[in-house]
Amino acid sequence: MFPELIPARQLRRAIDNWVEELVANYADTLELLSQPFLDLLIWIEQLLRQSPWWAVVGAVIAITFAVSRRWKLSLAMGALLSCIGLLGLWDKGMQTLALMIMATGLSVAIGIPLGILMARINWLRQIMLPVLDVMQTMPSFVYLIPVVMLFGLGKIPAIIATVVYAVPPLIRLTDLGIRLVDAEVLEASRAFGANSRQQLFGVQLPLALPNIMAGINQTTMMALSMVVIASMIGARGLGQEVLLGINRLEVGRGLLAGLAIVVLAIIFDRITQAFGQRQQARRGA
Amino acid sequence: MSKIEVKGIYKLFGKQPQKWLAAAQSGMSKEALLKESGHTLGLRDISLNIEEGSIHVIMGLSGSGKSTLIRHFNRLIEPTAGKILVDGQDVTALSRRELELFRQQKMSMVFQRFGLFPHRSVLDNAAYGLKVQGVERALREEKAMYWLDQVGLKGFEKQFPHQLSGGMQQRVGLARALATDAEILLMDEAFSALDPLIRREMQDQLLALQEKLHKTIVFITHDLDEALRLGNRIAILKDGELVQEGTSEDILLRPATDYVAAFLQDVNRSKVLTAAHAIHGGIPRLAPNSTPAEAVSAMAEAKQDYSAVLADGKLQGVLTLAAAQQAASQNSAIDTQLVEVAQVKGHTPLEEILGDLLTNKQPAAVVDEDGQYRGMLARSKVAELLGAQVV
């Protein structure tokens, strides 16, 4: 037996107490703070669900064309999205899509600034790297427990769990992208008297964009892989169908919903990739 | 007055440069310093004066500290000790904001691997310095267009850098640097990445531009031919120390150390040295109305057997001693005895006149661009200048 140096039981109890105290004192405040996010998510969801299906398909085609300038790809994306409707999963698909858009948007809002800070401040990078490792490897159920305790079941904890799991690649790739910017190009901007804001927005971010887009791509993929777990804590949508399929041993239900998730993944992937590629093609890399 | 004064610059790379500065100042060798402290000595006690309107070349092999030194001029690298004065103002004392303004207005820079912004068009690249200054779009694009035209890139404004050849990319770099109207141009191995033919072309273009613009140019290179071709003055660095500083003639004819001499071995002197270098100092000059007796005595005094006859600074012809004596005996004017000789421009490389010099026994005169007489070409001096190479 390994000698018991730290009394594990007491440690566990201490952590439990701390979280319980947190829940008792701050749950209301946190709920209040998260309300705007919830409102936004519900608004997106309503928009997607109440719009006619062809409007949503049209929007996806338009967005794909705007970022890729390729007609074939754009029409293929529209056709793929229609497949979700053909499988009879349109409404659930839209719920999941809303969750994805929200999670991706939040990840971008958190991930890119953090990545920028990491690239600029060395000590922050030293701290962030192990934190990111933990975020990516810690089983999500572990932080689902306190998150559910704090926010209750529903959409907000689902979003938080998804973002925690999905944001690390974006932070890492933003940091990497900025560090990979050609030193001589950055030096040129300094030599012409650019201040740090001009360096960041005029040189570093535009040149890191292909890497950042790869990060956003990774983030959406990882967010989609979280939908089943998110549905366990009350997020509706395709994940819920998979969960039902598991519970009732209905393979068909699970498979179709699974396919619909894959379709969403392909759409997100192709759109973000096409954007990154076009950026890169313009500068001949 | 000097445009740029470099005063006692030291640069140590490492964790605690200040702690080891005294050791470096007391003359500890680069190797010993690295071994004892883990610090690399980048520059040791560099002092230089760079004159306004001149091209000052800083030359050295890789690792000699030349690129480190040029980055001190606009403080892309901070010195460990020492000062840089530009127009009498200490660059090392500028605050961050002052430094940004200084870089925007006083100095611009051209980079070895061009340092162009791949995501901006050629026009936007050329206009970058002005954009940083906050110049409005229409005005900065107009200026950028002008300079792109000056460097021969009209019609390429909408292209992106990767669509251009290396030489054209560096022209964009040059246009970008010129567009800010900075008085000082820093060129860090600007032509080293180009192939020889293009490099030569760019050198010619730089010299042509300099004749119009009279900027103060600091030019870094590892290529001695380039240094001799471009530089009004040349500073040679070795292992972070200044070995010699002077005109190309000083360097070529009076190398200060064995290192410089070894450097010079591979130089094709006949390419670098020009007719102006080989002027004979002692040839007497006569006016067309001099008497034969005056001519004879002038030549006898100078111990020369011919003299140049000038009117309004232009060569009328050469009078030999024999012809002068004959004129004296016949009592005729000297201008009936003049012999026409070949004339070469002062900047002609010796290489190009060597053939003529060997086949033609006649003396030749050296003139400047306007045809003004500079002196007679001395065969013995040509032999001496070129012969030194063999030794």
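Each chain gets a letter, A, B and so on, in the order the sequences are listed, and its residues count up from 1. Owing to the predicted nature of the structure, the values given are computational and were not obtained by experimental measurement.
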Heavy-atom cut-off 4.5 Å, strictly under: side chain, backbone, both or neither for [X] against chain A?
| X | value |
| --- | --- |
| B:Y128 | side chain |
| B:L116 | backbone |
| B:F114 | backbone |
| B:Q112 | both |

Give me the atom names and distance for the closest heavy-atom approach of [X] to [Y].
| X | Y | value |
| --- | --- | --- |
| B:L76 | A:R190 | O-NH2, 3.4 Å |
| A:G202 | B:R120 | O-NH2, 2.8 Å |
| A:A188 | B:G115 | CB-O, 3.4 Å |
| A:P206 | B:H119 | CB-CD2, 3.4 Å |
| B:N74 | A:A191 | ND2-CB, 3.8 Å |

Is the [atom1] atom of [X] crowded by more than 12 outside heavy atoms at less than 6.0 Å?
| X | atom1 | result |
| --- | --- | --- |
| B:K106 | NZ | yes |
| B:F102 | CZ | yes |
| A:M135 | CE | yes |

For B:R96 and A:S196, run side chain to side chain contact (heavy atoms under 4.5 Å, CB included): C-alpha distance rounded to whole Å, both residues' side-chain angles, the deciding distance at 0.1 Å, then the answer.
-> CA-CA 11 Å; B:R96 198 160 112 175; A:S196 56; 3.9 Å; yes
Got B:F117 and A:S189 here, is their nearest side-chain heavy-atom distance under 4.5 Å?
-> yes
Given a strict heavy-atom distance threshold of 4.5 Å, which part of A:D182 is in contact with chain B: side chain, backbone, both, or neither?
-> side chain
Spell out, as yes or no, whether a donor-acceptor pair under 3.5 Å connects the side chain of B:Q104 to the backbone of A:F192.
-> no
Evaluate the criterion salt bridge (Lys or Arg N to Asp or Glu O under 4.0 Å) for residue pair B:R71 and A:E187; output intermediate values, then yes/no.
-> CA-CA 10 Å; B:R71 279 164 176 70; A:E187 202 174 42; 2.7 Å; yes
